[in-house]
Enquirer: 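I have a structure I would like to understand better, so I am pasting it below and will then ask my questions one at a time.
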Amino acid sequence: MSPPLPSSWSLPEPMRAVPINDPALPAGWAALRALAGRWADGRVAVRSRNGGDLARAFPEIEEAVRLFPDDTAVDGELIVWEAGRLAFERLQQRMHHRSAAAARAAVEFPAHLVFPVKFSVLSDAGSRIRPCAGCG
């Protein structure tokens, strides 16, 4: 079960993805949508677009989110890069890992939280949106 979130603010609804036909991407899904946030009291959340807890399956992401400034949330995607390509199957395999298995998977197939163009960083308890650097 996910830990309760502080009542002062909550992660926003994720932006909805728009399918595109881009030959630069491999066929099928390549990333997993994730919302991540850190509250001023030090609590963190890493959630799927459906609200599922991802922190226990991706401890390296939870650790990185702990470094966020107070009251910061991001809307991004989790990826695993393997052998020169995005490996969605590794993300799928990792979804159900917990504890020691998740820690081993984090070393063998580390996930990365990335922010595609046009995604935003939500800051100041969700009251201010700062577009990502370089977004046009």
Enquirer: Looking at Glu60 and Arg56, is there a salt bridge between them, counting it only when a charged N and a carboxylate O are closer than 4.0 Å?
Expert: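 Salt bridge between Arg56 and Glu60, a charged N being under 4.0 Å from a carboxylate O: no.
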Enquirer: Could you report the tightest heavy-atom contact between Glu82 and Ala87, atom names first, then the distance?
Expert: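 For Glu82 and Ala87, the tightest heavy-atom pair comes out as OE1-CB, 3.7 Å.
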Enquirer: List for me each residue that meets salt bridge (Lys or Arg N to Asp or Glu O under 4.0 Å) alongside Glu63, sequence neighbours excluded, and say none if there are none.
Expert: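 Residues passing salt bridge (Lys or Arg N to Asp or Glu O under 4.0 Å) with Glu63: none at all.
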Enquirer: Return yes if some donor-acceptor pair links the side-chain N/O of Asp41 with the main-chain N/O of Arg43 below 3.5 Å, else return no.
Expert: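 Here the side-chain-to-backbone pair exists.
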Enquirer: What are the two closest non-hydrogen atoms of Val65 and Gly37, and how far apart are they?
Expert: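 Smallest interatomic distance, heavy atoms only, reads CG1-O, 3.4 Å.
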Enquirer: Name the atoms and distances for all side-chain donor-acceptor pairs under 3.5 Å in residues 96-114, with sequence neighbours left out.
Expert:
{"unit_1": "His97", "atom_1": "ND1", "unit_2": "Gln93", "atom_2": "O", "d": "3.4"}
{"unit_1": "Arg98", "atom_1": "NH1", "unit_2": "Met95", "atom_2": "O", "d": "3.0"}

Enquirer: Checking side chain to side chain contact (heavy atoms under 4.5 Å, CB included) between Leu35 and each of Leu54, Val46, Asp75, Val74, which is the one that passes?
Expert: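 Exactly one candidate clears the test, Asp75.
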Enquirer: How long is the straight-line distance from CG of Asp53 back to CZ of Phe58, given to the nearest 0.5 Å?
Expert: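 Taking CZ in Phe58 and CG in Asp53, the distance rounds to 11.0 Å.
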Enquirer: Minimum heavy-atom separation for Ala57 to Arg94, with atom names?
Expert: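 Closest approach of Ala57 to Arg94: O-NH2, 3.1 Å.
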Enquirer: Is the closest basic N to carboxylate O distance between Asp70 and Arg38 below 4.0 Å?
Expert: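 Salt bridge between Asp70 and Arg38, a charged N being under 4.0 Å from a carboxylate O: yes.
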Enquirer: So, do Leu78 and Ile61 sit near enough that their side-chain heavy atoms are less than 4.5 Å apart?
Expert: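 Side chain of Leu78 against side chain of Ile61, heavy atoms only: contact under 4.5 Å found.
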